[in-house]
Amino acid sequence: MIKATKQKERPKPFLFPEFCKACGRCITACPKNCITFGDTINPKSGLMPVQIDMELCNGCGLCLSACPEPYGLMPQVDNHEPIDPKTLFGEKNSTASKAVRVPDEVLPLPDMNPLIIKGTYASAIGAALAGCRHFFGYPITPSTEGAELMAKILPELNGVFVQAVSEVATVNMMYGCGGAGMRCMTFTSSPGFSLMLEGISYMIGAEVPGVFVNVMRGGPGLGNIAPEQGDIKLACRGLGHGNTYAVVLAPSTPQEMLELTMLAFQLSFKYRHPVIILADGYLGQMTGKVNLPKEMVKPGLPDWAVFGDEAHRANLICSIELSEQDLEQHNLHLMEKYDRMISTEQRADCYFCDDAEIVLVATNTPSRMAKGAVEELRRAGIRVGLFRPISLWPFPIDAFEQSISEARKIVVVEAGNGQLEDEIRLAMSKAGIMNYLPIEHIQRYGGVLPSKQAIVDQILAKEVQQ
Amino acid sequence: MFGIQSQCNIEFDEEYYDLESYQGSIPRWCPGCGDNAILTAVQKLCRDEQLPLEKTVFVSGIGCSSRFPHYMKTYGFHGLHGRALPVAQGVKIRRPDLHVFVNMGDGDCCSIGTAHWIHAVRYNMKIVAMLHDNEIYGLTKMQASPTSPQGLKTNTTPTGAYLRPLNPLSVTLGISNVSFVANVAEWIPEAMNKVIAEAFHHPGFAFIRIMQRCPHFTPRLFDPFITDPSKLLMLSHENGIQFSDGISKVYKSQMEHDPSDMQRARELVEMTDQMPIGILYRNPEVPRYDELRKRQRIYSMDMRKAALETEFAKFAVEPVTERNGK
């Protein structure tokens, strides 16, 4: 009787034949020689599983511990359900040292004479000074010159320039390169940016940094190669599918193209998030004076990167979260990141806004016309100011609220169909500014910009009426 | 199904189309651009075949070559970069009675549109596809294209293109279901005219690679072939095209090549010292997607209704009545 109970406690091995790889470890382990190599091919796996002679087996269990296959030899129980290997073996351990974050180094630059360069060149130089050594791009007017400059300088700096086969390839190359913890960027223009949106959504999901310079051109469709501000809604509200936002910076001079590109890299790595720079066709092609910064950045290496050394071995870049709870947690984490961006990354430039009765809002090249208009209208005795958002997302609502404190009217000047205006309205509504000021707009489309004279004339005409 | 009828009952007077009939707006290509020669060749084909303007469609992608539909008075479709072939397939699948032509550049076809190109060849619908191959991005002002020769200095490859170029002919010949592949040069109009005419009469997907000079960015690129005509190997055959005596005098290296010989065609396009001109491969028997998917039986309206109803019945929920309600 006692023997019989002992037998019961030691269950005999059981094998799903389709999971056996016939490695033979159990054969070596078995003291009773009751396991032999099989001689028939399993139709499911195409391999020859081992055969166990149950008559000889005494249930010692040595073969069970020898079998490396998670679904291989297991104790004979009533119902065999595949088990998660993690519960069998625990977390995978690595003997490698943990990855350490190597911080960026800031190196001083000698004083240099200002350069006279076009906007895309300024942005490319800014990227190089910010430590970007990887460029991926596809030719598209009016942004190609930036890529061309990168093609010249990056090989000299021991960097990488790749002309990809399409914008889709470009963004995925950036996904890979950014995932390796490297600083990478691209220049593109509106139709190309449309193609990149899918990849940007993945980069946001997987928290991969990268800088996209979108030199906006006329749309929709192929449109033309003249400046328009038709991608504000894409960059601020439509970065691919899912709950996506990213910091959107809008320069208005070649100098700002350089400065904001440097800032974009800093923000991109600070938040582990892509950053979009929205320029326009004129700004990309416009030649202007650019002062070089006082310092440049020698990039470090983040600890999360899939860098390809032993220390970074356990890292994984992915944007898939199959369980609903996990994905919700991931989204909450992203929301928290967005909140931090909203509270710290608002940037704006106010020009004569303190006592302005009429506040013009404009960005990119139209803001230059608006600035001229402000000066002329001030000379005519009308108190006009210019509010120029530098970060379009997050919209600098705090500064805006301050600059419209004296105002009785807002005039949005833009080269587009009210996408900037929508951002303002949305930001005001979210900030709880209930007593709306009247919002007027001066818009041109298809690559035509509102001229300074048109702005002056429209405002004067309305003022005279009153 | 959607109420579109391809047979129009209005009768038109018989009209004779001359070259001018097909001329749309005035071409704005650079002087000396090879696209002008291709335009003329296509217009000649249209005149010779007397293609009705309203039965002809030109589809293009983005690039210098893709200005093509603007310069034809037929229907035109200036599509997306790299997506000319899917647009053309969309037109052809619904309107098989239209003559569909595709004009695309080397960036269009061999870079961003490669996937579409490969599958368009596989689908083998009756379309004439012309690849204007100038081996450079012209419209965006001189960047390397996948067909740019190794070592070519461009704005994005200042030290010279790194890779060996992609050979559109060997790629096309390697795709399963390929049915017509030809190679011509824009500076030999006779060969181009004849090949385009053969392509037009081919029942499936006809792929013509046209070597095209870009006078602005790569003016000297094809000079080896122009200064030394013996580098071009003219392919003639009784089942292919025959060249006139004038051509034979200039282009002395000629060869008999049976267009049904795929193996030989693959060898010819891999030659390094000579470039074959003419029809490389033609097989009118290759199955066509638009033919295969056609219904073999004619369905009456009642049969369609019955089929729909059986399909919907699978998802029907029995209404709660007094008899079965609980």
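Quick caveat: nothing in here was measured; it's all calculated off a predicted structure. No hydrogens, no waters, no symmetry mates; every other heavy atom, side chains included, goes into these values. All chains are named by letter (A, B, ...) in the order of the sequence lines, taking the proteins before the strands, and each is independently numbered beginning at 1.
Note that OG1 of T156(B) is 14.0 Å distant from CE of M150(A), once rounded to the nearest 0.5 Å.
Residues A164(A) and S111(B) share a closest heavy-atom pair of O-OG, 4.4 Å. In terms of heavy-atom proximity, T140(B) sits nearest to E148(A) at O-OE2, 4.3 Å. Listed here is the closest heavy atom pair of I112(B) and S166(A): CG1-CB, 3.1 Å.
Chain B forms more heavy-atom pairs under 4.5 Å with one residue of P191(A), P139(A), A151(A) than with any other, namely P139(A). In terms of heavy-atom pairs under 4.5 angstrom with chain A, the leader among K141(B), Q143(B), M142(B), H78(B) is Q143(B). Of the listed residues T157(B), I62(B), T159(B), the one with more heavy-atom pairs under 4.5 angstrom with chain A than any other is I62(B).
Residue L292(A) places its CG atom among more than 12 non-hydrogen atoms of other residues, nucleotides or ligands, all under 6.0 Å distant. Atom NE2 of H70(B) is surrounded by more than 12 heavy atoms from other residues, nucleotides or ligands within 6.0 Å. The number of heavy atoms from other shown groups lying within 6.0 Å of CZ (F225(B)) is above 12. Around the CD atom of E198(A), the shell of radius 6.0 Å holds no more than 12 heavy atoms that belong to other residues, nucleotides or ligands. When the shell of 6.0 Å around NZ of K73(B) is examined, it contains 12 or fewer heavy atoms from other residues, nucleotides or ligands. Summarising the local packing, OH of Y71(B) is surrounded by more than 12 heavy atoms from other residues, nucleotides or ligands at distances under 6.0 Å. Around the NZ atom of K152(A), the shell of radius 6.0 Å holds more than 12 heavy atoms that belong to other residues, nucleotides or ligands. Crowding of Y445(A) atom OH: a count of heavy atoms from other residues, nucleotides or ligands under 6.0 Å exceeding 12.
Ring geometry, H81(B) versus Y138(A): the interplanar angle falls from 30° to 60°, so the pair is classed tilted.
Under a 3.5 Å cut-off, the side chain of Q163(A) and the backbone N or O of A144(B) do form a donor-acceptor pair.
Contact annotation for L195(A): only side-chain heavy atoms (C-beta onward) come within less than 4.5 Å of a heavy atom of chain B. The parts of T141(A) that come within reach of chain B are both its backbone and its side chain, each placing non-hydrogen atoms under 4.5 angstrom from that chain.
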